[in-house]
Amino acid sequence: MARRLLVAGNWKMNNTVGQSLDLVESLKKETRDIHKVDIIVAPPFTAIKPVYDILENSSIQISGQNVFWEESGAYTGEVSPMMLKEAGCKWVIVGHSERRQYFGETDETVNRRLKAAAPAGLKVIACVGETLEEREKGETMAVLERQVKGAMAGVSHSEIEKVVIAYEPVWAIGTGKTATSDQAEEAHAFIRSVVAGLYDVGVGESTRILYGGSVKAQNAQELFSRANVDGGLVGGASLKAQEFIAIIRAALESSE
Ligand code: PEP
């Protein structure tokens, strides 16, 4: 089954509103001719609405970087699914390793965030990935299985269609160390088999699995050409318009 490639830029805690607008103006202009790849940007919360106003008539979609599971209330510092939707998001990232590492995110809280997003009409990029220590101990597949099953617990067949999984080995995020395309392919094929086991082979085949971890213009094509790699979740390289556009074009070439 041909899965549509997706390239998402996770800006993390970078870009003021002014910088965000400069970046998306360039992206909008230079990706006008690209229709075969889904493009997403995930600005910090403060820039979501201004970015949405610029991107309104473009095919570039917007994602939040995190979401809380309650609709409203005394949850200082959190943002609800409806708030993201209202500001212009179609997507939200959950379970990023930086959230797991620095903000106490667990498989259970990732699952709660994921399950709250769908009813509000948000699609989800759910991140999983092993640390270097876990890889060296030979625990990679066990960690991926635990994280995928944890994120998807109680998620129905209809909701899973709205979920994209991002395989992001923690040791490759922001380090300049990219997984080899063989390592990525092996992990993605395994994740696909876990999803097929949880749902069915059809769902396993149709679920998109992105690779994330130091994706750059120079390694994107090699990664995206692998059978089970359906695009990328890009951090640092998504902050530079030309680099991000080159990654999107690599996805386009891989899908043709
Ligand atoms: C990320 O933030 O999801 C990421 C993969 O970062 P980087 O591309 O900078 O490694």
Side-chain angles (χ1 to χ4, degrees), residues 5-15 19-20 23 27 37-45 47-48 51 60-67 89 91-103 105 110 113-114 117 123-132 134-135 140 143-144 147-148 151 163-181 183-185 187-188 191 208-224 226 228-251 254:
L5 265 65
L6 190 165
V7 177
N10 173 21
W11 296 358
K12 313 192 191 200
M13 197 175 72
N14 292 296
N15 287 342
Q19 290 164 332
S20 300
L23 180 51
L27 292 180
V37 173
D38 289 334
I39 307 168
I40 298 173
V41 291
F45 291 135
I48 288 174
V51 163
I60 302 175
Q61 300 174 41
I62 304 170
S63 175
Q65 296 179 14
N66 190 23
V67 69
C89 290
W91 294 83
V92 67
I93 298 169
V94 300
H96 192 280
S97 68
E98 288 152 14
R99 301 290 321 167
R100 294 179 192 256
Q101 212 177 330
Y102 306 132
F103 302 101
E105 198 77 74
V110 172
R113 294 180 201 280
L114 191 154
K123 296 188 217 172
V124 175
I125 300 175
C127 304
V128 297
E130 80 288 0
T131 62
L132 184 58
E134 288 162 342
R135 175 162 281 269
T140 298
V143 169
L144 295 180
Q147 291 183 345
V148 170
V163 178
V164 167
I165 296 173
Y167 168 58
E168 299 209 307
V170 179
W171 48 270
I173 297 180
T175 58
K177 277 189 212 154
T178 317
T180 64
S181 73
Q183 286 171 322
E185 176 62 15
H188 285 223
I191 291 168
R208 289 185 288 183
I209 305 174
L210 312 180
Y211 169 78
S214 300
V215 175
K216 298 183 188 66
Q218 88 217 38
N219 59 26
Q221 182 127 36
E222 157 87 14
L223 287 158
F224 299 165
R226 302 305 297 257
N228 284 294
V229 179
D230 305 315
L233 178 55
V234 184
S238 71
L239 298 172
K240 299 174 215 131
Q242 291 315 317
E243 182 82 12
F244 192 52
I245 291 161
I247 293 169
I248 296 164
R249 292 207 173 274
S254 301

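In listed order, ligands and their atoms are each counted from 1.
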Checking side chain to side chain donor-acceptor pair (under 3.5 Å) against Glu105, which of Arg100, Arg113, His96 comes through?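 Only match with Glu105 under side chain to side chain donor-acceptor pair (under 3.5 Å): Arg113.
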Any side-chain heavy-atom pair of [X] and [Y] under 4.5 Å:
{"X": "Asn228", "Y": "Tyr167", "answer": "no"}
{"X": "Lys12", "Y": "Glu98", "answer": "yes"}
{"X": "Pro43", "Y": "Asn15", "answer": "no"}
{"X": "Ser181", "Y": "Phe224", "answer": "no"}

Evaluation steps, side chain to side chain contact (heavy atoms under 4.5 Å, CB included), between Leu223 and Thr178: CA-CA 10 Å; Leu223 287 158; Thr178 317; 3.9 Å; yes
Heavy-atom cut-off of under 4.0 Å around ligand 1: list whichever protein residues fall inside it, by chain and number.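 Residues Asn10, Lys12, His96, Glu168, Ala172, Ile173, Gly174, Gly212, Gly213, Ser214, Leu233, Val234, Gly235, Gly236 each place a heavy atom under 4.0 Å from ligand 1, listed by chain and number.
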